[in-house]
Every structure is written in C-alpha cells, then in structure tokens.
Amino acid sequence: MHLTKGLVLASSADPLAELKACYPDEVGLDVPLSTLGRWRIGGPADAIVTPRSAGSLADIVTFVRARGVRHVIVGDGSNILFDDAGFRGAVIRIGRAVGGFAADADGHVRAGAGLWVPGFVRRLIDRGLTGAVHAIGIPGTLGGLVVMNGGSQRRGIGEHVTAVNVLTAEGEIARLDRDALAFAYRSSRLQENGAVVLSAEFRFEQSNSAALRREAIEILASRRAKFPKVRANCGSVFVSDPKLYALIGPPGMAIERAGLKGLARGDARISPEHANFIVNTGQARSADVLALIAEARTRVHALTGVAMEAEVRHLDPYGRFQPAHMVAPAHFQEMHDDGQSAAIA
Ligand SMILES: Cc1cc2nc3c(=O)[nH]c(=O)nc-3n(C[C@H](O)[C@H](O)[C@H](O)COP(=O)(O)OP(=O)(O)OC[C@H]3O[C@@H](n4cnc5c(N)ncnc54)[C@H](O)[C@@H]3O)c2cc1C
C-alpha cells in the first residue's frame, strides 16, 4: 500500500530513513530533544517529525503504526521532561499546520490542535466569548492544553470542551464526546488512550470583548510578576492538592516552607522566585530535575503528610509517559550522599 507521498507500508530496513526521504523538510534524524522542550533538556531522539499539514500528519502516523516504529505525540513540549537518554523512535510534533478556527453565533467553536493557546484565547476575546481567558498565558498548543486539561486560577479548559476529534490508536478518525474524556484536575483520558488530538470543539458564553481584554491583561501582568524570569522551565511542576492547600496552600508555598527555595542540583534549581518551578540555568540534566522533584516531594511529605503529585510528564527512551514524580525516587539518592534519607515511593 502506498500513501500520498509514496510511503510504502511494507518492507525497507530503515523506516525512519524512508520517512526522511519522503518528507525531507518535516523529518529530522538524530535530533536533541533539548531543542524541542521548554526545559531545554533531553538527549537525542531518533527522529523529530513536524508534519506540515493535517494530511501529512495522518499519513505519517499511519506509516509509523503500520511499520511498528515507536512514536509519541507532543505539542510544544511545555509540560514534558525529556530524558537525558533521549527517545528511541519518532517524536511527532503537532505544530501550527494543524490549525483552523471557526466560531458560530451561538458560541460553538472548533479549533485545530496545533493552535498556540494565547492566540486561540485572543480570537475568543475578539469575538466576546468568555470561558478561556484564564488560559491566556499558557505557552503550549491547544491539543496539549486539552490533553492536560490545562488552565489557571484552578480552572481547566475541559469545562468548555464538548467534543474532541482524534486519530485513534487504530488509525480511524473519531469524534469523542466530552463524556468519554473523563476530565479531572489537570488530567483527561486522552493521556492514556493513544489517540492523536486533531481538533477540539467548545461551547463558550457571550460576553464583552473590552472587559475580557482587561481581564486578560491583568492575568498576564500577575503571571509576569509571579513567575520566574529564567525562561527554561516547564511551568508548575506539582499539581495542587486539596489537603495540602488546606494545610499550607499551593505546592510552591509548601516547598518554600520545607526550606527548599533556591535548592540546586547541577544546573537545575528550585526557582528562588516561585518554588513550584524548577528552572534550567544552563546545562541541567533530566536526572538533576528528577532529583529535585524527589527531594521536594519527600520533604513536603515529612512536613505535611501529603505526597504531592507532578503535573509535568516524564518521557522515557521507550515511549512511556508518566507523571515525573513516579520516576523521581530513583534519583533521590543523588541528593543525599550519606544515604541516610529515604524517598517516598
Ligand atoms: C512558563 C510556563 C507556564 C505554564 N503555565 C501553565 C498554567 O498556568 N496552567 C497549565 O495548565 N499549564 C501550564 N503550563 C504547562 C503547559 O504549558 C500546558 O500543560 C500546555 O497545555 C501543554 O501544551 P503543549 O502543547 O506544550 O503539550 P506538551 O507538553 O507537548 O504535551 C503534554 C502532553 O500532552 C500530549 N499531547 C500534546 N499534544 C497532543 C495531541 N495533539 N494529541 C495527543 N496528545 C497530545 C503529550 O503526549 C503529553 O503527554 C506552563 C508551562 C510553562 C513553560
């Protein structure tokens, strides 16, 4: 079987070389993941593929699936910790080419997964549609936002999603209703089901553009004041936990109370400005970040009895995504040369 660019779904010893030959501008071989993720961390991926259209995305995903090439889907990598060992397979990046935006008079919106979130929110504001202004400062793609149920001010984009259009793990185009998506705080079933999000549908309420614009400006100003100036970071590392919130407040406050603000491991540092951020001040490794995550989790647990969970997802070299705290304990010992302390699992 041949796909549009002549990709053959059978044979050939090196499928990634074949993919590169068919899509020379869209496929990079042996590319450091540090060039993709916001943390600027990560060893080489066998391939990073950035499809230039929804059509080539569908062909490329069909090809890698048929040929058994290990692959993962990412957006802007603003919530991913790539591993120092890189990734053995193809990282398929959903970029601006998978775009599109349409809104009707009743507040129904359909938008492509590759849209830049602040641009998406601005379009809603221009149309006087309210409900997603809280996401104005989130530096990722719309697909990543929906998968993560991202948002700010304790809100999540999932509140307004009515359906998601996906390429399923079986290679079918399907429309999943919100009931199938199990949105919860910073999570959704899309994190588990292997589907590629192509676009999402929303329902927003009508409001006033000028008021929404003022709200957006205030949110952006407050984020600028609060967030670290070092740009190589992945936003909040830990998700807020209701028990911790009642005891102390958000994770950043708990990490600060545990005395960890500014703690460094290699070039990774718990931000002195906001303790729920870990910044890369130079050549940080994923092992450094994971050691800090394990330390923060263990020390906050000792202080409060609450085991914080990471929002940031770690990608291992074999394609397994997990919340970063789940792989962090293995790195705990690196923080404690005397070996006296123990990490919580
Ligand atoms: C400075 C900074 C501030 C941030 N502030 C916030 C904030 O206020 N609130 C918040 O919620 N987040 C925040 N984040 C985290 C991040 O920006 C969001 O989670 C964002 O929505 C992730 O989008 P992305 O495109 O970068 O996804 P990625 O990080 O690339 O991917 C995240 C997950 O989604 C999956 N994925 C991405 N796109 C698709 C797709 N099309 N189909 C299937 N799976 C997909 C990936 O496999 C991965 O599991 C912040 C990050 C930074 C760097």
Side-chain angles (χ1 to χ4, degrees), residues 33 36-42 48 50-51 54 57 61 71-82 87 91-99 111-118 120-121 132-158 164-169 176 181 183 185-200 219-220 222-224 226-240 250 252 271 273-274 276-280 310-315 319-324:
L33 285 163
L36 194 164
R38 292 284 298 229
W39 245 324
R40 304 277 164 243
I41 290 175
I48 296 184
T50 310
L57 169 66
V61 170
H71 59 281
V72 289
I73 304 295
V74 306
D76 281 335
S78 64
N79 209 31
I80 299 175
L81 178 59
F82 293 114
F87 177 67
V91 173
I92 301 175
R93 186 178 187 191
I94 310 293
R96 308 296 172 255
V98 186
L115 281 185
W116 172 239
V117 170
F120 167 72
V121 176
V133 183
H134 61 91
I136 183 75
I138 300 182
T141 63
L142 187 61
L145 190 75
V146 170
V147 170
M148 295 305 302
N149 190 16
S152 74
Q153 305 179 322
R154 305 191 61 74
R155 302 197 49 193
I157 193 69
V164 168
N165 300 292
V166 298
L167 194 56
T168 66
L176 306 178
L181 303 174
F183 285 115
Y185 192 66
R186 302 295 172 257
S187 85
S188 75
R189 191 160 294 144
L190 294 161
Q191 291 172 8
E192 297 144 29
N193 66 5
V196 183
V197 176
L198 300 173
S199 65
I219 291 172
L220 287 173
S222 130
R223 288 173 72 93
R224 259 195 300 276
K226 248 184 351 204
F227 290 177
K229 306 290 174 280
V230 176
R231 290 176 64 88
N233 70 69
C234 254
S236 297
V237 172
F238 293 101
V239 274
S240 195
S271 168
E273 290 152 294
H274 189 314
N276 198 19
F277 282 61
I278 294 177
V279 294
N280 175 6
E311 173 181 330
V312 161
R313 290 161 72 70
H314 171 263
L315 176 68
R320 199 154 49 132
F321 268 117
Q322 291 187 89

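Source: prediction; values computed, not measured. As the structure lists them, so they are numbered: ligands from 1, and atoms in each ligand from 1. Both backbone and side-chain heavy atoms feed into the values below; hydrogens, waters and symmetry mates do not.
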Requested in this report: Measure from the side-chain N and O atoms of Arg96 to the backbone N and O of Gly114, and report whether any donor-acceptor pair falls under 3.5 Å.
Outcome: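 Yes, because the side chain of Arg96 sits within donor-acceptor range (under 3.5 Å) of the backbone of Gly114.
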Requested in this report: Would you check if the side chain of Ser188 reaches a backbone N or O of Asn149 as a donor-acceptor pair within less than 3.5 Å?
Outcome: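 The answer is no, because no donor-acceptor pair under 3.5 Å joins these two groups.
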Students should be able to answer this: which protein heavy-atom is nearest to [atom], and at what distance?
atom: atom 46 (C) of ligand 1; value: Ile73 O, 3.2 Å
atom: atom 17 (O) of ligand 1; value: Ser78 OG, 2.7 Å
atom: atom 33 (C) of ligand 1; value: Met148 SD, 3.8 Å
atom: atom 31 (O) of ligand 1; value: Ile80 CD1, 3.6 Å
atom: atom 29 (O) of ligand 1; value: Asn79 N, 2.8 Å
atom: atom 38 (N) of ligand 1; value: Gly144 N, 3.5 Å
atom: atom 8 (O) of ligand 1; value: Arg223 NH1, 2.9 Å
atom: atom 9 (N) of ligand 1; value: Gly151 O, 2.6 Å

Give the numbers and elements of all ligand 1 atoms closer than 4.0 Å to a heavy atom of [X].
X: Cys234; result: 51 (C), 52 (C), 53 (C)
X: Ile94; result: 41 (N)
X: Ala195; result: 43 (C)
X: Gly235; result: 2 (C), 3 (C), 4 (C), 50 (C), 51 (C), 52 (C), 53 (C)
X: Gly75; result: 25 (O), 28 (P), 30 (O), 37 (C), 38 (N)
X: Val196; result: 42 (N)
X: Gly150; result: 11 (O)

Requested in this report: Look up atom CG in Asn280 and atom CH2 in Trp39, then write down how far apart they are to the nearest 0.5 Å.
Outcome: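 Separation between the atoms: 9.5 Å.
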For ligand 1, is there an N or O atom under 3.5 Å from any N or O atom of [X]?
X: Leu145; value: yes
X: Ser236; value: no
X: Arg38; value: no
X: Gly140; value: no
X: Thr141; value: yes
X: Asn233; value: no

So for [X], does at least one of its heavy atoms come nearer than 4.0 angstrom to any atom of ligand 1?
X: Gln191; answer: no
X: Arg186; answer: yes
X: Glu311; answer: yes

Report task. Flag the pair Phe277 / Phe227 as yes when their ring centroid distance falls below 6.0 Å, and as no otherwise. Result ->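 Yes, the ring centres sit under 6.0 Å apart.
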Find out whether [X] and [Y] are in side-chain contact, i.e. whether some heavy atom of one side chain is under 4.5 Å from a heavy atom of the other.
X: Leu57; Y: Leu198; answer: yes
X: Val196; Y: Val166; answer: no
X: Gln191; Y: Met148; answer: yes
X: Val146; Y: Phe183; answer: yes
X: Leu176; Y: Arg189; answer: no
X: Leu315; Y: Phe82; answer: yes

**Report entry** Heavy-atom pair with the smallest gap, counting every atom of Leu145 and Ile157
**Finding:**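 Looks like O-CG2, 3.5 Å.
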Query raised in the report: What are the two closest non-hydrogen atoms of Cys234 and Gly77, and how far apart are they?
Result: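 Taking every non-hydrogen atom into account, SG-O, 4.0 Å.
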Report task. Could you see which bit of Val147 sits under 4.0 Å from ligand 1, with heavy atoms only: side chain, backbone, both or neither? Result ->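 It is the side chain that touches ligand 1; the backbone stays farther off.
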Query raised in the report: If you measure from each non-hydrogen atom of Val197 to ligand 1, which part falls under 4.0 Å: side chain, backbone, both or neither?
Result: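 It is both backbone and side chain that touch ligand 1.
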Query raised in the report: Is it the case that more than 12 heavy atoms not belonging to Arg231 sit under 6.0 Å from its CZ atom?
Result: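 Atom CZ in Arg231 is not packed in, count stays at 12 or less.
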Report task. Can you establish whether the number of heavy atoms outside Arg223 located under 6.0 Å from its atom CZ is more than 12? Result ->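 Yes, CZ of Arg223 has more than 12 neighbouring heavy atoms, counting only those of other groups under 6.0 Å.
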Query raised in the report: So, Asp76 versus Thr141: side-chain donor-acceptor pair below 3.5 Å or not?
Result: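 The criterion, which ignores hydrogens and geometry beyond distance, is not satisfied for Thr141 and Asp76.
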